[in-house]
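Residue numbering restarts at 1 for every chain, and letters A, B, ... go by the order of the sequence lines.
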Amino acid sequence: MKAFLNELNEEQRKAVEVTDGPILILAGAGSGKTRALTYKIAYLISKGTDPFNILALTFTNKAAKEMKERVSLLLGSGDARNVWLGTFHSVFARILRVEGVKLGYPSNFTIYDTEDSKKLIKSIVKSLDLDDKVYKASSVLGRISSAKSSLISAADYNKDEELKENDVALKRPRLGEIYALYAEKCFRASAMDFDDLLMNMNILLRDFPEVLHKYQRQYKYILVDEYQDTNFAQYVIVKKLAANNENITVVGDDAQSIYGFRGANIENILNLKKDYPELKIFKLEQNYRSTQNIVNAANSIILNNKKQFKKEIWTENEQGNLIKILKAATDNEEGRKIADYISFLKDSEDSIYRDFAILYRTNAQSRALEEGLSKTGIPYRIFGSISFYQRKEVKDLIAYFRVIINNNDDEALLRIINYPARGLGKVTIDRIIVEADSNRIPVWQIINDLNDYKIEINQGARRKIDDFVYMIRSFATYLNSKNAYELAHIIADKSGILADLFEDKSMEGISRYENITELLSGIKSYVEEETDEDNADNGNKSLAHYVQNISLLTDADKDDKNTDVVSLMTIHMAKGLEFPYVFLSGLEENLFPSLMALNTRSELEEERRLFYVAVTRAMKKLFISYAESRYKWGNQEFCEPSRFIEEIDPKHLDLSDLRARESYREKQIEMPKRNWEPKENKKTITPDPLPGKNFKKVTKTFTSNTTINSHYDVGMVVEHERFGKGKIISIEGAADNTKAIVLFDKEGQKQLLLKYAKLKIIE
DNA sequence: GTATTATCTAAGTCT
DNA sequence: TAGATAATAC
C-alpha cells in the first residue's frame, strides 16, 4: 500500500509523510509539486483518513481534475471521488448551495460570469446618468472585484474615507454608489458573481459559528495548491477552516506568482510563518521537467527580481540545446517561421503535434500565429480567448436554462426576452426595467404579474410578454420530470432558437447552429456519464445540475488529449502545463513586458515572473521569438526586442538566427507568394543540419470546436454533419477564409468555410 | 415601436 | 476585428 512512497524523492517523501500540523512546500517549477500533493492525499487515505475529511483546493478546474485522476490512479476512483477536491470557487459554490439560505440565497442561485457583471454595471451607470467612459464597466468591475477580494462589502466601502478619497482623486466619486447598487441587484436576482463566492463564503464562516464548526470538523486535512496565487479572501477563509486542527499543507512558488492583478498576494506565503509558528518548510528544488540549459536560463531570469525567496533550482537532466532566439520582420513572418520549425522538428525528432506549444502574452497575438500554422498545414487548437460557453449562441440557450431554474436571474432574462425576436423592443423592455427598479424587484415579477403594475405597454406587447412568460413556465414544469438533455432539447426547439439559427445559411450561421448541436450533445453525454465529478449527489442529471456544473468552467477545461494538435495559449493559461517544445512569441517591449506593467517595480517583477513561468514550461527545446513590426489595432507598429531577452544569461542563448535572417528574407522575395511551400523554405531556415527529410502532408481531420485545420483537396469525398456526403469541386481563399465548394449528394452545391464546416474526409 | 443597417470605438493577463 | 451604439427603414 505504501509502496508508492518509493516513487518520490527524499524531500518529496518527507513533505508527504509529515501529515499533521502546518506545512509549507516551496516547490520550484517542474519539481513535482502536484505529485507531492496527490501523493499526500493518497497517503492520508491509505493511513485511514476518510476521504470526506480531506479538502484540497486548486485554482483551476484543470488542476483539480488532474489531481483527481492521479489520486484515482494511486487508490482507485472510489476514494478519490469522495475527496473534497476542486477549485476555490467550485467548492465554495457547492457549500453555498447548501448553506446560502442563511444569507438569503436560494440553493438555485445563479453564478454571474464577467459578461453578466459588466452588463449589469453598464445598466447601473446608465441609470445613474453617469458617463460610461469615466465609469467604464471593466474598470468599475475591477474596482468592485478587488474590494470583494479584500472582503470589503459595499457597506464597508462606502464607510471607508480613504477609499472614497481615492475614488474622488480618480474622478470616479460615485463608485461606492455603483458598488452598492450592483450588490443589491445581484442579490435581488439571486445571483453571485465570482468574487461573491469567496466573500459570501467568508461571511458564512464569520457570522454563523455553527457552520464554521461544522466545516472545521469536517475538513481534518486541508491542502492548497498554488498558494502564492491566493488573495486576501481566500487566505482568510482557508485560515478559518484550518484554525481548529491546523493540519494544513500549502504548496507554492513565489517565483510563479502571476495573478497579482487579480488580488493575489505573495505576502500570504511570506506571512505563513507568523500565522503558524509551528510551520514546517520543505523545499523542492530538483527540476524533473527541463534541460539544464533551460533551468539555468530560468534561474538567471528570476535573479533580476528583488523580491523573492532564495531557491536553487537544479536538475539532473541532460544539458540540452541552447535557447534559440528567432527574429522576424513582421508578426506574420513570426508565425510562418514558428510553423516551419514545428514541421521540421516534428519530422527530425520524431515528435507529434501535441508535443508543441506556442505561448504568448496576449490573446490578440494568436491570429498571426494561426495563419502561419494554417498555411503550413499544421493542425492546432487555440485555448482561451472565447471559451465555448462564452459564445453568444451558447450563452443564449444557457440563458433560457438559467431563467427556468432561477426566474429572478435578470441578466439571463433580459438576454432572451426578445431572442429569438418576438417583437419586444427597447422601449417596452426599458419600461419594464424601470418599473422593476422602482419596485426593487426582479424583472420576472413584473412580467409575471404584468397587470398588477401600471406600465404603459400596449395590448400587442402585453400579449407577447404573456406568451413568453407562459413559455418559460411551461418549460419549468419539466425541470424535475425530465433529464437535462430531454429538457434542453425541448427548450432549444420550442424557444425557436434552433429554427432561428437554422434559417441563417451564412457560414457563421451554420457554425452557430453547430455549436448549439454540440452543446446539446455535450448535455447528452453529461446525462449519460456514470458519475458526476463536481457534485456529491451522484446521479442527479437535472438541467439545474448541469448548469451548476458548467458555470465555472472555462475553455482550458475541455480536455482534448485525444487529438494531436499544436496548442496555442496565453502564458497565464499555460501555467502548470509542460510541453517538450515551446515557442514563446512576441518578446517585444510594450507587449511583453506589457506597456501597462511598466509603471511600478512590482508590476514589472510580475511580468518577469510570467516570463519565468513561460520559460519553465519547456522540457526539451525552447524558442523565443520577436518581430520587428506588428499590427496593433489596425496599424503596423515597430517594436524593440524585449528587455527580458537580454536578462537571460547569454551563455544559454543561440543567436544564430539573428544573423541568418537576411538570407531568409531574400529567399522570401525570390519565391513570391503563390502557394506556400514549406519544403522550400525549410532549407533556408532549417537550424539544425538534418537534411533529407521530407515533409509529410497532413491528412487528418480534427474536430475541436475552436479551430480546425487540415488539408483538403479538390476531388476529395467528404462528409458534413448536416449535409451528408459530397465531393469537393473547388477550394479558394486562404487561412481562416479558406472556402470549399462542395457538391453534396442530397443537398446540392454549398460553399463552406473550412474553419467551421468540420468536413470529414472519406476518400 | 421594432428591425435593419451603418458608423464608431476600443483592444491585458482569468476564476 | 468585433461588438455596441446611432441612424435609418419598415
Among B/dC14, B/dT2, B/dG12, the one nearest A/Val427 by side-chain distance: B/dT2
Separation of B/dT15 atom P from A/Leu96 atom CG, nearest Å, is 20 Å
Check this for me, if you would: do A/Lys33 and A/Asp225 make a salt bridge, where the nitrogen-to-carboxylate-oxygen distance has to be below 4.0 angstrom? yes
Would you kindly give the NZ-to-P distance between A/Lys426 and C/dA7, to the nearest whole Å? 13 Å
Whole-Å distance, A/Leu595 CG to B/dA11 P, equals 13 Å
Tell me what A/Lys575 touches on the nucleic acid: a base, only sugar-phosphate, or nothing, going by heavy atoms under 4.0 Å. nothing
Is any side-chain N or O of A/Asn363 closer than 4.0 Å to OP1 or OP2 of B/dG12? no
Pick base, sugar-phosphate or nothing for A/Thr114, based on heavy-atom distances below 4.0 Å to the nucleic acid. base
Just call it for A/Arg431: base, sugar-phosphate, or nothing, with non-hydrogen atoms closer than 4.0 Å on any strand. sugar-phosphate
Classify the nucleic acid contact of A/Phe59 as base, sugar-phosphate or nothing, counting any heavy atom under 4.0 Å across all strands shown. sugar-phosphate
Closer than 3.5 angstrom, by distance alone: can the side chain of A/Lys464 be matched with the main-chain N or O of A/Asn418 as a donor-acceptor pair? no
Compute the centroid of each ring, for A/Tyr227 and then for A/Tyr235, and state whether the two points are separated by less than 6.0 Å. no
At 4.0 Å (heavy atoms only), tell me whether A/Phe88 reaches a base, stays on the sugar-phosphate, or touches nothing. nothing
Proximity to the side chain of A/Thr428 - top-ranked nucleotide from B/dG12, B/dT13, B/dG1: B/dG1
Whole angstroms only, please: what is the NZ-C1' distance between A/Lys118 and B/dA10? 12 Å
A/Tyr419 six-ring centre to A/Lys392 NZ/CZ under 6.0 Å and within 45° of normal: yes
Which nucleotide in the list B/dG12, B/dT13, B/dT15 gets nearest to the side chain of A/Met596? B/dG12
Both A/Lys464 and A/Asp195 contact DNA chain B. Which one's nearest nucleotide lies toward the 5' end? A/Lys464
May I ask you to evaluate whether A/Thr570 reaches the phosphate of B/dG12, defined as a side-chain N or O under 4.0 Å from OP1 or OP2? no
Hey, are A/Tyr612 and A/Asn305 close enough side-chain-wise for a donor-acceptor pair under 3.5 Å? no
For A/Asn458 and for A/His89, locate the closest nucleotide of DNA chain B by heavy-atom distance; then report the residue assigned to the nucleotide nearer the 5' terminus. A/Asn458
From CD of A/Glu606 over to C1' of B/dC14, roughly how many Å is that when rounded to an integer? 12 Å
A/Lys133 near the nucleic acid: base, sugar-phosphate alone, or nothing, with a heavy-atom cut-off under 4.0 Å? sugar-phosphate
Can you tell me if A/Lys136 touches the phosphate of B/dA11, counting only side-chain N or O atoms and a distance under 4.0 Å to OP1 or OP2? yes
What's the closest nucleotide to the side chain of A/Glu456 if the choices are B/dG1, B/dT15, B/dT13? B/dG1
Closest of B/dG12, B/dC14, C/dT1 to the A/Ala597 side chain is B/dG12
Ignoring hydrogens and angles, state whether a donor on the side chain of A/Thr362 or A/Gln365 is under 3.5 Å from an acceptor on the partner side chain. yes
Nearest whole angstrom, please: distance from the P of B/dG1 to the CD of A/Gln459. 14 Å
With the six-membered base ring of B/dT13 as reference, does the ring of A/Phe261 sit under 5.5 Å away with planes under 30° apart? yes
Separation of A/Ile432 atom CD1 from B/dG1 atom P, in whole Å? 12 Å
Any base atoms under 4.0 Å from A/Asn418, or only sugar-phosphate, or nothing? Heavy atoms, all strands. sugar-phosphate
Below 4.0 angstrom, N of the basic side chain to O of the carboxylate: do A/Asp331 and A/Lys632 qualify? no
Check whether the side chain of A/Glu607 and the base of B/dG12 form a donor-acceptor pair under 3.5 Å. yes
By nearest atom, which of the nucleotides C/dA4, B/dG12, B/dT2 is closest to the A/Lys122 side chain? C/dA4
Reckon A/Lys126 touches a base, only the sugar-phosphate, or nothing at all at heavy-atom distances under 4.0 Å? nothing
